[in-house]
Amino acid sequence: MGRGSHGCSVLGSSSLLLVLLLCVGSAAAQKASTWKTLSGDSPLVIAKGGFSGLFPDSSDFAYGNAPGAALWCDVQLTKDGAGICLPTINIDNCTSISNFDPKGMKTYNVNGVPLKGWFPLDYNSTELLQQVFLKQPILSRSDRFDGLSIVPVEDILSKYKTPAVWLNVQHDSFYSQFKLSMRSYILSVSKQFVVDYISSPEVNFLNSLLGRVNKKTKLVFRFLDEQTIEPSTNQTYGSILKNLTFIKTFASGILVPKQYILPVTKDNYLQPQTSVVDDAHKAGLEIYAAGFANDFLISYNYSYDPLAEYLSFIDNGAFSVDGVLTDFPITPSEAIGCFSNLNDSKTDHAKPLVISHNGASGDYPDCTDLAYQKAVADGADVIDCPVQVTKDGIPICMSSIDLGDVTTVATSQFASQTTVVNDIKATPGFYSFNLTWEDISKNLKPKISNPMSKYQVYRNPRNRNAGNFMRLSDFLDFTKGKDLSGVMISIERAAFMAQKLGFGVVDAVIKALDDSGYSKQTTQKVMIQSTNSSVLVKFKQQTKYNLVYMIEEDVRDAAPSSIADIKKFADAVSVNTMSVYPVTSNFLTNQTTSLVQSLQSAGFPVYVYVLMNEFVSQPYDFFSDATQQINAYVKRPDGGVDGVITDFPATAHRYKLNSCMNMGNNTPGFMIPAQPGGLIQSMLGAAQPPSTAPLPPLTESDVTESPLPDVNNNAKAPASSHAAIRVRTDVSAVLVTLMLCASLMI
Ligand SMILES: *[C@@H]1O[C@H](CO)[C@@H](O)[C@H](O)[C@H]1NC(C)=O
Ligand SMILES: *[C@@H]1O[C@H](CO)[C@@H](O)[C@H](O)[C@H]1NC(C)=O
Ligand SMILES: *[C@@H]1O[C@H](CO)[C@@H](O)[C@H](O)[C@H]1NC(C)=O
Ligand SMILES: *[C@@H]1O[C@H](CO)[C@@H](O)[C@H](O)[C@H]1NC(C)=O
Ligand SMILES: *[C@@H]1O[C@H](CO)[C@@H](O)[C@H](O)[C@H]1NC(C)=O
Ligand SMILES: *[C@@H]1O[C@H](CO)[C@@H](O)[C@H](O)[C@H]1NC(C)=O
Ligand SMILES: *[C@@H]1O[C@H](CO)[C@@H](O)[C@H](O)[C@H]1NC(C)=O
Ligand SMILES: *[C@@H]1O[C@H](CO)[C@@H](O)[C@H](O)[C@H]1NC(C)=O
Ligand SMILES: *[C@@H]1O[C@H](CO)[C@@H](O)[C@H](O)[C@H]1NC(C)=O
């Protein structure tokens, strides 16, 4: 969506800078603790092209919104020898150059490889700075900030408040073929300005600067892929790495792809760390790691949590890299400023209450023994069991009544046993109440949930079918005696179960709790959650358990009459993410909802559901960082939530340990919650998504339900007629084929 010259005026609008500086702030709140870096200082955060994860790489917005981080500029030269910052030498993807000069495509030999595209050296600086505009080259990022101007290198050196400027010269030998000298250019700017770092993957280039630049300027040798050939020595980077003494003759540090330090397998699992950080430090070289971005697929070992990845490079007990090169400077700033040294932390803030959603379902299949074990190990306060019932009347923990969603039933011996149950859905399903516990536990395997599969984002494939199913009684045996503040049992479709299955789910849950001794203990709170008030009313009549009403609707507030109603049967309320922070086109709208405050004023703790680590599940305002999302919900100025219901309890629990929790006015900028509408406001009018109508409030009629019907004892599953089964088998064959195709496409 290049908006051409329209974009010029963006620079004039400073609203974005104001808004975001507030959000991002500076990384100043660093601890005095000693780091295992070469100098003992905290690692450097290097913003690649500024905050390029959000704004076009090397744009004024990107550079202006990375406070506290060193600013990295990839230097390119124009035909007239001016220096500009652009991430790649072929500038077609990152600028509007092909609109400006549709016939300008050339093929040049770049380090022995022919490269087709548009090159900055074919244009003069007036053309590039005034008539060509930046655009977002990465499709998963927003193009709504496209149209900003290209930035001259001199601006990076003078215009922004930053701890350091880092100039990267990726290509010197290429430019010299065209009589453009990077060396002369760099030497001339380093006479006028302080250049803190100069990096290059070319040995000869760095050697040519040696002794010619300011003594304080650090020269850093950049490693590319191990197999790539370095143009001046004609050796691969892998072989150059073996002689760090050689590098030390012309550089004070090295910059390596992060996989040099923590390699990953082909299927994206972490392998043991290499010795490269120690080797570099022993050789007296600083070592910086490159390739960090919150919205790239990181190793499955990190469970989609980018903060965990940074911590593994800077706070792993063994070493710390001296800096990280990133598209999202805010996340390493958090890691350094608020999340390091947490292993010894004695603080564990009460808020938010961490409630698992189907166990640690981000890592293991929903509601399996492994998902629950992981949730407990990860520090969940409460773990949850959504109750379904089997054909033989056994309550089990299963996140969906349709086993096709969460088990391998569709490829099992029961593949043909589908049923259409219109009370549930119009399409056929494999329902839990059609199989016995033995059928399920002996013949099916669990299947990991993949809520973000439409974005081709999948959860830990090695755990795809790991773990065992649990009955409610198994679950309660497991939780008993664990270090948990409570258990949460969720009940849906109680009326259907009573009338159509002849099963009284409320009574069955009460009995299971009695049998396991839960009704007589007080160390763990028993929470019962339902979207249907009639279920909670029935529990209230018979037990003293903690009752949680889950509001399904997207609402901005709750009418006083609806709150009065909820008071009659609930002790706490769960609300969805949209009702706290409404979202449009993946950005927070400027609507400030008052649902949380209204419920809290009425005395209810409020829990938000469901948080996930996958960046595709989050609006851009949370910077593809699950910790930012949690922080926004907990520290919301208009009423923070009391608990989070999450697929990734480890991330939420680690949040509770952070050392910047109660800093009041001294809270570092990167821990100040996102503002509703903050990013949208900063866009040009034409790029803003259309404004959305305010959400409705919750009304009394949303809450009130008729009482649960009595259990229909005549409803024991009747044998279905043959004719009906034949039709269903046909449908299910189609379904199975579809499912097979879908799984092959993965
Ligand atoms: C430009 O984008 C295309 C398509 O996404 C990609 O294949 C190519 O590698 C990109 N080029 C550069 C220089 O990033
Ligand atoms: C830049 O190129 C344009 C042609 O596109 C030309 O008119 C202009 O004079 C050039 N400017 C400089 C400073 O060379
Ligand atoms: C670089 O090395 C390759 C193989 O090792 C060799 O064929 C080539 O001639 C060398 N080039 C130069 C410029 O030394
Ligand atoms: C490593 O580099 C140093 C300095 O250039 C050189 O003296 C030494 O011979 C090199 N070692 C190897 C094994 O190539
Ligand atoms: C990463 O996860 C895999 C699979 O669970 C495990 O085998 C491996 O040891 C982990 N890597 C590290 C460095 O912990
Ligand atoms: C903290 O604990 C984690 C998990 O056991 C470990 O991976 C990490 O290296 C530890 N950090 C430090 C600084 O010891
Ligand atoms: C929210 O944005 C809309 C335009 O999208 C604007 O009309 C309205 O005034 C804004 N409201 C607030 C509270 O900023
Ligand atoms: C809630 O339960 C009642 C029975 O108590 C039932 O009539 C009603 O349909 C249920 N509401 C929803 C939204 O499922
Ligand atoms: C599944 O259970 C329902 C309710 O008991 C019953 O009507 C249906 O016939 C059963 N389907 C199969 C395939 O057993």
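The first residue in the sequence is number 1, and the count goes up from there. Everything numeric here is computed off the predicted structure, so don't read it as measured data. All ligand and atom numbering here is 1-based and tracks the order in the structure.
Protein heavy atoms come within 4.0 Å of atom 14 (O) of ligand 1. Using a 4.0 Å threshold on non-hydrogen atoms, atom 4 (C) of ligand 1 does not count as touching the protein. For atom 7 (O) of ligand 1, the nearest protein heavy atom lies 4.0 Å away or farther.
A distance below 6.0 Å separates the ring centres of Tyr372 and Phe475. The distance between the ring centers of Phe119 and Tyr108 falls below 6.0 angstrom.
Using cut-offs of 30° and 60° for the angle between ring planes, the Trp166 and Tyr197 rings count as parallel.
With a heavy-atom cut-off of 4.0 Å, Gln273 does not touch ligand 5 at all.
Between Asn301 and ligand 5, at least one N/O pair is under 3.5 Å apart. In terms of polar-atom proximity, Asn93 is counted as a contact of ligand 1, with an N or O under 3.5 Å from an N or O of the ligand. Of the polar atoms of Pro272, none of the N or O atoms is found under 3.5 Å from an N or O of ligand 5, judged by distance alone. The shortest N or O to N or O distance between Glu127 and ligand 2 is under 3.5 Å.
The closest donor-acceptor contact from the side chain of Asp378 to the backbone of Ala360 lies at 3.5 Å or more, if one exists at all.
For atom 11 (N) of ligand 2, the closest non-hydrogen atom of the protein is Asn124 ND2, 2.9 Å.
Between Cys85 and Cys73, the two SG sulfurs come within 2.5 Å of each other, short of that mark.
Every atom of ligand 2 with a heavy atom of Thr126 under 4.0 Å away is listed here by number and element: 11 (N), 13 (C).
Salt bridge status for Asp122 with Lys106: present, with a side-chain N to carboxylate O gap under 4.0 Å.
Glu286 places none of its side-chain heavy atoms less than 4.5 Å from the side chain of Val220.
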